[in-house]
Amino acid sequence: MNMPRTSFKKTGQSKSTSAVNSAGDPYRSPSYKASSKELERIDQFYYAYANRSSGIIDPEGIEKMCADVEVDYTDIKILMLAWKMQAEKQGYFTLEEWRRGLNTLRADTIAKLKKALPELEKEVRRPTTFVDFYTYSFRYCLTEEKQKSVDIESICQLLDLLLGTQYRAQVDYFVEYLKMQTDYKVINMDQWMGFYRFCNEVW
C-alpha cells in the first residue's frame with residue numbers, strides 16, 4: 001500500500017517547525033517576558049536612588065533608600081543587603097550589584113524590598129550562611145587599595161553589630177580588652193575569624 005507521503009510530510013513539517021520555534025526561542029516564552037519586565041522595574045528602582053552624574057548609588061542615595069524602607073542607615077540589614085549584592089565598595093552600589101541582589105530577593109519596589117529584609121536576615125542568621133556574611137563584613141571594611149587590616153574602633157563596632165545579639169558576653173569582654181590593650185592598633189582577617197571560632201568552639 002502506498003502512503004500519502006506528500007500530505008504526511010507537509011503536516012509533519014508544519015507541526016515540528018512550529019514546535020521547534022516555540023521551544024527553541026526563549027525570548028518569546030512567558031517566563032522570559034516576565035523576568036525581563038521585572039529586571040526593567042529593578043533598573044527603574046535603582047535609578048530612583050542613583051547619583052545622576054555618576055550613575056551609581058552613593059551614600060546619599062543609600063540614606064534616601066533607608067528612609068524609604070524605614071531602616072536606619074547603620075542597621076545590620078543594610079550590611080546584609082550589601083552582602084546579598086556582593087557590593088565591593090563600602091557606601092556604594094553599582095547597577096550590576098543592585099541587579100544581583102534585588103533580582104535574587106525578587107524586590108523591584110520599595111514595598112517588596114521592605115518585606116524582603118526580614119527574610120534576608122533569617123537567611124543570613126543560618127550558621128552555614130553567617131560565616132560567609134561574617135567574612136564579607138570584614139572585607140567590606142577594607143576601603144583602601146591593598147588594605148588588609150581594620151582599625152580597632154571599627155572592629156569593636158562591627159563585632160557589636162554582627163555578634164552582639166548572639167554572643168553578648170564574649171563581645172563585651174573582647175571589646176573591653178581591645179580598647180584597653182596597646183599592642184594592637186589594627187585587626188587582620190585571621191584574627192577576625194579567630195574570634196568567631198572562639199565564640200563557637202571554646203566559650
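Keep in mind the model is a prediction, meaning the values are calculated, not measured.
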Next on the checklist: Around atom OH of Y184, are there more than 12 heavy atoms from other residues, nucleotides or ligands closer than 6.0 Å?
Outcome noted: no

Checklist entry - Around R125, counting heavy atoms of other residues, nucleotides and ligands shown, do more than 12 lie under 6.0 Å from its CZ? => result yes

Checklist entry - Between I62 and Y73, which heavy-atom pair has the shortest distance, and what is it? => result CG2-CE1, 3.4 Å

Item to check | Pairwise side-chain contact, L81 with L105, heavy-atom cut-off 4.5 Å (strictly under) | outcome: yes

Checklist entry - Would you say the side-chain atoms of Y140 pair up with the backbone N or O of G91, donor to acceptor, closer than 3.5 Å? => result yes

Item to check | Single hit among E121, E119, E123, E97 for salt bridge (charged side-chain N to carboxylate O under 4.0 Å, His left out) with K84 | outcome: E123

Item to check | Heavy-atom side-chain contact between K112 and R106 under 4.5 Å | outcome: no

Checklist entry - Distance from Q170 atom CD to D172 atom CG, nearest 0.5 Å? => result 9.0 Å

Next on the checklist: Heavy-atom count check: over 12 atoms from other residues, nucleotides or ligands less than 6.0 Å from Q90 CD?
Outcome noted: yes

Item to check | Intermediate values then yes/no, side-chain contact (heavy atoms from CB on, under 4.5 Å), E60 and E63 | outcome: CA-CA 5 Å; E60 186 177 340; E63 284 191 31; 5.8 Å; no

Item to check | Shortest non-hydrogen contact between N200 and Y167, atoms and distance | outcome: OD1-OH, 3.0 Å

Checklist entry - Please walk me through it: do R41 and T109 pass side-chain contact (heavy atoms from CB on, under 4.5 Å)? => result CA-CA 8 Å; R41 290 193 297 268; T109 64; 5.6 Å; no

Checklist entry - Would a 4.5 Å heavy-atom cut-off, applied to side chains only, mark F174 and C199 as touching? => result no

Checklist outcome for this item: For R99 and I42, the nearest pair of non-hydrogen atoms, with its separation, is CA-CG2, 4.2 Å

Next on the checklist: So, taking the atom named OG in S137 and the one named CZ in F130, what distance separates them when rounded to the nearest 0.5 Å?
Outcome noted: 7.0 Å

Checklist entry - Mind checking whether R139 and E88 have side chains closer than 4.5 Å, heavy atoms only? => result no

Checklist entry - When rounded to the nearest 0.5 angstrom, what distance separates OG1 in T165 from CD1 in I76? => result 7.0 Å

Item to check | Within 6.0 angstrom of K64 NZ, more than 12 heavy atoms from elsewhere | outcome: yes

Checklist entry - With a 4.5 Å heavy-atom cut-off, do D75 and M80 have their side chains touching? => result no

Next on the checklist: Is there a side-chain contact between D72 and K77 in this structure, where contact means two heavy atoms from C-beta onward sitting under 4.5 Å apart?
Outcome noted: no

Checklist entry - Can you tell me how far NZ of K37 sits from CG of D108, rounded to the nearest 0.5 angstrom? => result 12.5 Å

Checklist entry - Tell me, do W98 and D43 make a side-chain contact under 4.5 Å, heavy atoms counted? => result no

Checklist entry - When rounded to the nearest 0.5 angstrom, what distance separates CG in L117 from CD1 in I78? => result 6.0 Å

Checklist entry - For the hydrophobic clusters of this structure (ILVMFWY residues joined by side-chain heavy atoms under 4.5 Å, transitively), does one cluster hold both L142 and M189? => result yes

Next on the checklist: One pair to check against side chain to side chain donor-acceptor pair (under 3.5 Å): D132 and W83. What are the steps and the verdict?
Outcome noted: CA-CA 9 Å; D132 186 67; W83 167 80; 2.8 Å; yes

Checklist entry - Any link between M180 and I187 through a network of hydrophobic side chains (Ile, Leu, Val, Met, Phe, Trp, Tyr) touching at under 4.5 Å? => result no

Checklist entry - M193 and Y136: same hydrophobic cluster, using ILVMFWY side-chain contacts below 4.5 Å? => result yes

Next on the checklist: Does atom CD (Q191) have a neighbourhood of more than 12 heavy atoms from anything else shown, all under 6.0 Å?
Outcome noted: yes

Checklist entry - Do you know the tightest heavy-atom contact between W192 and Y134? => result O-OH, 2.8 Å

Checklist entry - Would you say the side chain of V131 lies within less than 4.5 Å of the side chain of Y196, judging by non-hydrogen atoms? => result yes

Which side-chain N or O atoms in residues 148-164 pair as donor and acceptor under 3.5 Å with protein atoms at least two apart or in another chain?
from	atom 1	to	atom 2	distance (Å)
D151	OD1	S154	OG	2.9
D151	OD2	E153	N	3.3
D151	OD2	S154	N	2.9
D151	OD2	S154	OG	3.1
D160	OD1	R168	NH1	3.1
D160	OD1	R168	NH2	2.4

Next on the checklist: Between D58 and Y49, does the side chain to side chain donor-acceptor pair (under 3.5 Å) criterion hold? Intermediate values first, please.
Outcome noted: CA-CA 8 Å; D58 56 19; Y49 300 105; over 6 Å; no

Checklist outcome for this item: In this structure, CD1 of I56 is separated from OG1 of T94 (nearest 0.5 Å) by 7.0 Å

Next on the checklist: Just checking Q147: does its CD atom have more than 12 heavy atoms from other residues, nucleotides or ligands closer to it than 6.0 angstrom?
Outcome noted: yes

Item to check | L95 to Y47 - nearest heavy-atom pair and separation | outcome: CD2-OH, 3.5 Å

